[in-house]
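Bear in mind the structure is a predicted one, so any value in this text is a computation, not a measurement.
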Amino acid sequence: MGNARTFSLSIFVLVIAAVVGVAILLLYNGLIDAREKVNAGWAQVENQYQRRLDLVPVLIDGVKTYMDHERETLTALTEARARALGANRALAGRSPETEQQLRAIEASQGGLQSALARLFAVVENYPDLKASQNFLTLQDQIEGTENRIAVERRNYNEWSRRYNTRTMTFPSNVIADLLGFSSKPYFQAEDSALQGLDDPFGRQP
């Protein structure tokens, strides 16, 4: 009788241990999945940032022959692009882990956005350039990229919110704390770089 009771107790303990093990595994896999979705969301943001960065040299080449007296504006745009490239490379393809890292990206991208806005404002003084089909095509591409950046930033924030919720709610927060799943920073609601400009692309309302 005692052996049967001991055997039953052992089976019960094993079942409980298996249930707990499966629960821990599911929670861990859920955290991994949520974190990878954040990383994938960040990759999409980076892709759009890189697209904008790739368009800048083409834009500068296309406008500099028209804008002999605007070297300062073009130099500022080139320097802003270099700073944005440097900030992106500092992450080495990883999503930001801290507020400080994300703020550095935001600052560099905001500087680039602002420099682009100043260039498009100056273009208003060059009717021949404004009428150039090549310039208009580039303008459309950059405007489209700005829109896609906004979409991907919102998507990244949503994936980060879902991941952060997992790391802070019971019982997954226990696993997150034990295994070092740290929360992800969010983009701010809106860049301030273009505030006060009616149209950052120099278009007439």
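Val19 and Leu14 are members of different hydrophobic clusters when ILVMFWY side chains are connected at heavy-atom separations under 4.5 Å. Taken together through direct or relayed side-chain contacts under 4.5 Å among Ile, Leu, Val, Met, Phe, Trp and Tyr, Leu25 and Ile16 form parts of separate hydrophobic clusters. Val38 and Leu27 fall within the same hydrophobic cluster, where Ile, Leu, Val, Met, Phe, Trp and Tyr residues are linked whenever their side-chain heavy atoms come under 4.5 Å apart, directly or through other members. Under a hydrophobic-cluster definition in which Ile, Leu, Val, Met, Phe, Trp and Tyr are linked whenever side-chain heavy atoms come within less than 4.5 Å, directly or via other members, Ile32 and Leu26 are assigned to different clusters. At a threshold of 4.5 Å between side-chain heavy atoms, the hydrophobic network of Ile, Leu, Val, Met, Phe, Trp and Tyr places Val22 and Leu31 in two separate groups.
Surrounding OH of Tyr126 are more than 12 heavy atoms belonging to other residues, nucleotides or ligands, all under 6.0 Å away.
Once rounded to the nearest 0.5 Å, the distance linking CZ of Arg52 with CZ of Arg81 reads 12.0 Å. A distance of 5.0 Å separates CG in Leu85 from CZ in Arg89, rounded to the nearest 0.5 Å. Atom CZ of Arg71 sits about 10.0 Å away from atom OG1 of Thr78, to the nearest 0.5 Å. The distance from the CD1 atom of Ile24 to the CG atom of Leu178 is 8.5 Å, given to the nearest 0.5 Å. Note that CD1 of Ile60 is 10.5 Å distant from OG1 of Thr73, once rounded to the nearest 0.5 Å. Interatomic distance, CG of Asn125 versus CD of Glu70, reported as 7.0 Å (0.5 Å rounding).
Taking 4.5 Å as the limit, every side-chain heavy atom of Met168 sits out of range of all side-chain heavy atoms of Asn173. Contact check for Lys184 versus Pro96: no side-chain heavy atoms found under the 4.5 Å cut-off. By the 4.5 Å heavy-atom criterion applied to side chains, Ile142 and Val56 are not counted as neighbours. Within the 4.5 Å cutoff, side-chain heavy atoms of Leu102 are placed close to those of Trp42. Considering only heavy atoms from C-beta on, Phe135 comes within 4.5 Å of Phe120 through its side chain. Side-chain contact between Glu158 and Arg162 is present, with at least one heavy-atom pair separated by less than 4.5 Å.
Residues Leu136 and Ala131 come closest through the heavy atom pair CD1-O, 4.3 Å. Between Ile105 and Ala87, the shortest heavy-atom contact is CD1-O, 3.4 Å. Taking all atoms of both residues into account, the shortest heavy-atom contact from Gln188 to Glu106 is N-OE2, 3.3 Å. Taking all atoms of both residues into account, the shortest heavy-atom contact from Glu152 to Val45 is O-CG2, 3.4 Å. Counting all heavy atoms, side chain and backbone alike, Asn88 lies closest to Tyr49 at ND2-CB, 4.2 Å. The minimum heavy-atom distance linking Pro185 with Tyr156 is given by the pair O-OH, 3.3 Å.
Judged purely by distance below 3.5 Å, without hydrogens or angles, the side chains of Thr145 and Arg51 pair a donor atom with an acceptor atom. No side-chain donor-acceptor contact under 3.5 Å links Glu143 and Asn147. Remark: the Asn164 side chain and the Ser183 side chain contain no N/O donor-acceptor pair separated by less than 3.5 Å. Judged by distance alone, the side chains of Arg148 and Gln44 never bring a donor and an acceptor atom under 3.5 Å apart. A side-chain N or O of Gln113 and one of Glu146 form a donor-acceptor pair less than 3.5 Å apart.
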- Check the pair Tyr163, Lys37 against side-chain contact (heavy atoms from CB on, under 4.5 Å), reporting the backbone distance first and the verdict last. CA-CA 8 Å; Tyr163 167 76; Lys37 284 175 178 173; over 6 Å; no
- Query: Given Met67 and Leu119, is the side-chain contact (heavy atoms from CB on, under 4.5 Å) satisfied, shown in steps?
  - Reply: CA-CA 10 Å; Met67 302 172 68; Leu119 175 64; 3.6 Å; yes
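Between Val58 and the options Leu138, Thr137, Asn134, a side-chain contact (heavy atoms from CB on, under 4.5 Å) holds for only Leu138.
Side chain of Ser172 to backbone of Thr167: no donor-acceptor contact under 3.5 angstrom is found.
A cation-pi arrangement, defined by a distance under 6.0 Å to the six-membered ring centre and an angle within 45 degrees of its axis, is present between Arg153 and Phe187.
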